[in-house]
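Below: the structure, in structure tokens.
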Protein chains: 2
Amino acid sequence: MARTSTVVRVHSAVLELAAERGPTALTMEGIAARAGVGKQTLYRSWPGIPALLFDALLATGGEPSAPGTADDLPGQLEQMLKAAITEISAEPHASLLRAISAIIQTDESVARDYRERLLEPQLAHVHAVLAAGGSLDPPRAAELLLAPIFYRWFMRLPPLSGPELHRHVHDVLDLIGGTAGG
Amino acid sequence: MARTSTVVRVHSAVLELAAERGPTALTMEGIAARAGVGKQTLYRSWPGIPALLFDALLATGGEPSAPGTADDLPGQLEQMLKAAITEISAEPHASLLRAISAIIQTDESVARDYRERLLEPQLAHVHAVLAAGGSLDPPRAAELLLAPIFYRWFMRLPPLSGPELHRHVHDVLDLIGGTAGG
DNA sequence: ACCAAACGAGACGATGCGTCTCGTTTGTGC
DNA sequence: GCACAAACGAGACGCATCGTCTCGTTTGGT
């Protein structure tokens with residue numbers, strides 16, 4: 001009579017270990033022990049660590065903010081990017097993403113999974129807002145908006161401050177939203 | 001009567017393993033074996049893998065291109081960034097940087113070393129060219145120029161194509177070089 | 001109440017870490 | 001030339017983790 005399902009216990013173990021002991025504690029053995037589960041049970045449900053981490057991450061499913069109106073495009077983008085910065089900087093997300101990002105550097109197939117399951121949805125969300133705002137080239141604008149955020153996170157530099165983010169959004173909109181030349 | 005110095009043999013081993021077997025082959029044991037050297041000799045000269053990889057990378061010391069004239073600022077930047085893209089995409093550099101980038105994600109002190117020894121010199125080089133060209137805010141322009149390049153490399157997306165890079169440079173110069181508002 | 005499937009636990013060999021202990025080479029002072 | 005100490009190549013060691021495997025033990029369906 002399992003009070004809690006195995007999957008939930010495993011996801012909880014992953015999130016707890018990430019928050020309490022950081023990305024390097026996210027091992028199959030450590031997760032199994034913390035979840036009170038056999039290693040074989042983990043391997044039965046997930047092919048390896050990356051898949052398990054992706055699932056634990058997505059199970060926390062922070063739904064992105066509502067589609068919103070076309071009013072105040074810069075404000076909407078700023079809010080959305082601010083939320084993204086906060087999310088990648090706070091535990092347990094930060095440690096989960098660090099662990100995944102490390103693996104991405106040495107495993108191309110995990111990179112593909114990351115792009116498809118995490119990056120592209122985020123880009124699509126920005127696309128949608130930009131397109132609703134009449135941007136000329138949403139994919140490019142989305143990349144320009146997000147690239148410095150990821151760059152700083154990867155390099156472990158301080159994230160864009162409020163004013164920096166404000167200016168960044170307006171600059172990209174100026175560039176792509178209307179006045180840019182080919 | 002050592003024909004070749006230990007340091008040179010170790011560096012060669014690192015570069016060979018990186019090029020032939022990829023980032024995951026860059027282990028202390030593998031490097032020692034390939035170099036025909038004892039592990040203790042490695043630990044005597046370097047505190048760990050990251051320091052060893054940094055040294056091997058910097059020993060290949062591709063000197064950046066000449067300072068150049070202030071003419072054709074966009075062309076100069078484009079050439080410089082194109083060189084950077086090529087360098088991070090070609091072996092053995094690519095595998096060395098992948099291995100280091102993976103460690104950066106889980107070791108803050110290695111991230112600091114990376115920024116100081118590799119990132120900041122590169123940024124400074126771009127700063128210098130921008131400043132000579134009369135840019136209003138060289139540090140910010142340099143970050144905007146480099147961020148998408150690193151972003152794509154980290155995410156293992158295809159690098160900026162020639163035309164994309166051309167446009168990118170001109171866009172950032174338009175934005176920062178003169179017409180941008182606060 | 002039975003049985004098969006799934007389970008927790010952990011042993012196993014492989015690999016890498018960082019430390020340590022061997023003999024052996026090497027180069028310097030005499 | 002010789003002797004000695006420092007540095008060396010080699011690899012054993014204990015630890016951690018991987019992914020596979022083998023145990024009894026639960027557990028859920030009939």
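Just so we're on the same page: letters track the sequence lines, and every chain starts at 1.
- Rounded to a whole Å, the NZ atom of K39(A) is 9 Å from the C1' atom of dT20(D).
- Within residues 20-28 of chain B, the residues that place at least one heavy atom under 4.0 Å from DNA chain C are, in residue-number order, T27(B), M28(B).
- The aromatic rings of F154(B) and F154(A) sit parallel, their planes meeting at an angle under 30°, below the 60° perpendicular limit.
- Rounded to whole Å, atom C1' of dC17(C) lies 13 Å from atom CD1 of I103(B).
- Distance, I31(A) CD1 to dG19(D) C1': 14 Å, rounded to whole Å.
- Looking only at side-chain heavy atoms (C-beta outward), I100(B) and Q105(A) stay at 4.5 Å or farther from each other.
- Taken from NE2 in H166(A) to NZ in K82(A), the straight-line distance is 14.0 Å, to the nearest 0.5 Å.
- Contact annotation for G36(B): backbone-only contact, meaning every heavy-atom pair under 4.0 Å involves sugar-phosphate atoms and none involves a base.
- Note on R156(A) versus D107(B): no salt bridge recorded, every NZ/NE/NH1/NH2 to OD/OE distance being 4.0 Å or above.
- Rounding to whole angstrom units, CD of residue Q40(A) and P of dC18(D) are separated by 14 Å.
- As rounded to whole Å, 5 Å separates atom C1' of dG16(C) from atom CD of E29(B).
- Rounded to an integer number of Å, the gap from D107(A) CG to dC18(D) C1' is 15 Å.
- The pair D55(B)-R117(B) meets the salt-bridge criterion, since a charged nitrogen lies less than 4.0 angstrom from a carboxylate oxygen.
- Looking at heavy atoms from C-beta onward, E164(B) lies in side-chain contact with R152(B) at the 4.5 angstrom threshold.
- Near DNA chain C, meaning a heavy atom under 4.0 Å from it, residues 41-55 of chain A has T41(A), R44(A) in order of number.
- The line from CG of L119(B) to CE of M155(A) is 4.5 Å long, rounded to the nearest 0.5 Å.
- Note that CD of E87(B) is 7.5 Å distant from CG of L57(B), once rounded to the nearest 0.5 Å.
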